[in-house]
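Just below is one structure, and these are the notes that go with it.
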There are 2 protein chains.
Amino acid sequence: MLSNKAKYGIKAVLYLAQFEGEPVQIAAIAETQNMPKKFLDAILLELRNAGILRSKKGKGGGYTLALPARKITIGQIVRALDGPLAPIACASRNAFRPCDDCTSVDLCEVRAVMLEVRDAIAAVLDHTSVDDLRHRRHQVEPLLIYDI
Amino acid sequence: MLSNKAKYGIKAVLYLAQFEGEPVQIAAIAETQNMPKKFLDAILLELRNAGILRSKKGKGGGYTLALPARKITIGQIVRALDGPLAPIACASRNAFRPCDDCTSVDLCEVRAVMLEVRDAIAAVLDHTSVDDLRHRRHQVEPLLIYDI
DNA sequence: ATTTTGTCTACCAAATCTATAGATTATATG
DNA sequence: CATATAATCTATAGATTTGGTAGACAAAAT
């Protein structure tokens, strides 16, 4: 599940990517992107602490990307704000934690599928950069094509 | 995110699949599978209402699969218990709902990636049946292979 | 020194998750 | 019919997470 926090975070980074290097203030992002300013405060701070953004205080300050847009993946942003991508902790590759009720981690069928799911999610999010997303054709295909 | 509810639900269905047609009582599932009985009560009821399980009251009663195990997918179970697979409502194909803060659904980049994610998740869960999972070799590959 | 802008600490309301308790209803069997 | 069995329904409740808000503080530019 993608929280509002992560959604705002992605949108904010996407917005920042438009201003190569030039600092943008929180207030400007909040207004143009339609997000609560104070909430965005905390989000941008987390992204800064994760090394995705850079900040500058005082007049003329604001936030910028800490890396080129093609080096920042959506996966990094989501992980920084929502934690591991895996649907369940025992299926996480970077933050594994066994279930309390599980007798055998290795034989758990639920874990087996959820590992596949986590890999499928990571395959998408870790291979989509902010730059990719910005230049993507987002033509929405008719829903019927995908309904099985 | 997979809730405990859905995890218990999958495990319970998997367990039921071992007893072709023969009713199994909630208490028996709860004990052998290490789940809170009363919680499981509610879960099995939901799965019954979703047409995945069948129940029989009274002596000799219990729960059975309502369909052959190869006709029940993990996707069905998860949807019945946790709702839509999509990470965000605007990216759901069966339960679409636009975001409050979104100005243009069609042009939203977040939605575009999340649609891909939802398809990736569904591809796994809708193509894995209870039967598949039961007979799967669940050898766990070394984690390193998948770390990119 | 003052203004601007990010940073930090605390707090809070609402929703969701994870159950639990207890009464009730249907079914099989003697 | 009486009884035991097992699912079902209703109600409630604690814990955690989500989605914020308020206000003081710190750094930088002018």
Side-chain angles (χ1 to χ4, degrees), chain A residues 1-12 16 19 22-31 33-50 52-66 78 80-84 87-89 97 99-101, chain B residues 1-12 16 19 22-31 33-50 52-66 78 80-84 87-89 97 99-101:
Chain A
M1 254 284 287
L2 193 80
S3 66
N4 264 356
K5 193 168 154 186
K7 185 180 68 176
Y8 291 159
I10 296 170
K11 287 192 167 185
L16 284 176
F19 303 81
E22 188 192 343
V24 182
Q25 294 114 16
I26 303 180
I29 307 174
E31 279 164 32
Q33 300 301 296
N34 207 27
M35 304 167 187
K37 152 99 162 65
K38 277 295 194 176
F39 196 18
L40 189 57
D41 270 16
I43 294 169
L44 296 187
L45 197 57
E46 280 190 64
L47 291 176
R48 195 204 69 149
N49 292 336
I52 294 168
L53 299 182
R54 185 171 298 159
S55 62
K56 213 181 133 191
K57 286 183 176 180
K59 192 165 189 177
Y63 276 96
T64 56
L65 302 187
V78 172
L81 298 172
D82 277 358
I88 186 171
R97 229 179 50 105
C99 295
D100 298 333
D101 61 305
Chain B
M1 254 285 286
L2 193 78
S3 66
N4 265 357
K5 195 168 153 186
K7 184 181 67 177
Y8 292 159
I10 296 170
K11 286 191 166 187
L16 285 176
F19 303 80
E22 188 193 343
V24 182
Q25 294 115 18
I26 302 181
I29 308 174
E31 279 162 34
Q33 300 301 296
N34 206 27
M35 304 166 186
K37 151 100 164 62
K38 277 295 196 176
F39 195 19
L40 189 57
D41 271 16
I43 295 169
L44 296 186
L45 197 58
E46 279 190 64
L47 291 176
R48 195 205 69 149
N49 292 336
I52 294 169
L53 299 182
R54 184 169 299 158
S55 63
K56 214 181 132 192
K57 286 185 178 180
K59 191 166 191 176
Y63 276 95
T64 56
L65 301 187
V78 172
L81 297 172
D82 276 358
I88 188 172
R97 230 179 49 104
C99 295
D100 298 333
D101 60 308

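Just so we're on the same page: letters track the sequence lines, and every chain starts at 1.
- Heavy-atom distances under 4.0 Å link DNA chain C to no residue of residues 1-10 of chain A.
- The residue among A:Pro36 and A:Lys56 whose nearest nucleotide of DNA chain D lies closer to the 5′ end is A:Pro36.
- Between B:Lys38 and B:Asp82, the residue anchored nearer the 5' end of DNA chain C, judged by the nucleotide with its closest heavy atom, is B:Asp82.
- Distance A:Leu81 CG to D:dT17 P: 16 Å, rounded to the nearest Å.
- We find that NZ of B:Lys59 is positioned 10 Å from P of D:dA4, with the value rounded to whole Å.
- Closest approach of B:Ile43 to B:Gly9, counting heavy atoms only: CG2-CA, 3.8 Å.
- Rounded to an integer number of Å, the gap from CG of A:Asp41 to P of D:dG19 is 17 Å.
- Residue A:Ile26 is in sugar-phosphate contact alone, with no base atom involved, counting any heavy-atom pair closer than 4.0 Å across all strands shown.
- Computed from coordinates, the A:Leu45 CG to D:dT21 C1' distance equals 16 Å when rounded to whole Å.
- In this structure, the side chains of B:Asn34 and B:Tyr8 stay at 4.5 Å or more apart for every pair of heavy atoms.
- The listed nucleotides are D:dG20, D:dA29, D:dT5; the one nearest the side chain of A:Phe39 is D:dG20.
- Scanning both residues, B:Pro87 and A:Met1, for their nearest heavy atoms gives O-SD, 3.2 Å.
- No more than 12 heavy atoms of other residues, nucleotides or ligands lie within 6.0 Å of NZ in A:Lys59, so this atom counts as exposed by the packing criterion.
- The closest side-chain heavy-atom distance from A:Asp101 to B:Lys7 is below 4.5 Å.
- Considering only heavy atoms from C-beta on, B:Cys99 comes within 4.5 Å of B:Ile88 through its side chain.
- Shortest non-hydrogen contact noted between B:Met35 and B:Leu40 is SD-CD1, 3.8 Å.
- Summary of the strand contacts: B:Lys57 and A:Lys57 both lie near DNA chain D, and taking for each the nucleotide with the nearest heavy atom, the more 5' one is attributed to B:Lys57.
- For the pair B:Asp100 CG and D:dG19 P, the interatomic distance rounds to 12 Å; values are reported in whole Å.
- Counting 5' to 3', DNA chain C first comes under 4.0 angstrom of a heavy atom of chain A and last does so at the ends given by C:dT4 to C:dC8.
- A 4.5 Å side-chain heavy-atom check between A:Phe19 and A:Thr64 finds every atom pair outside the cut-off.
- Between the side chain of B:Asp82 and the backbone N or O of B:Ser3, at least one donor-acceptor pair lies under 3.5 Å.
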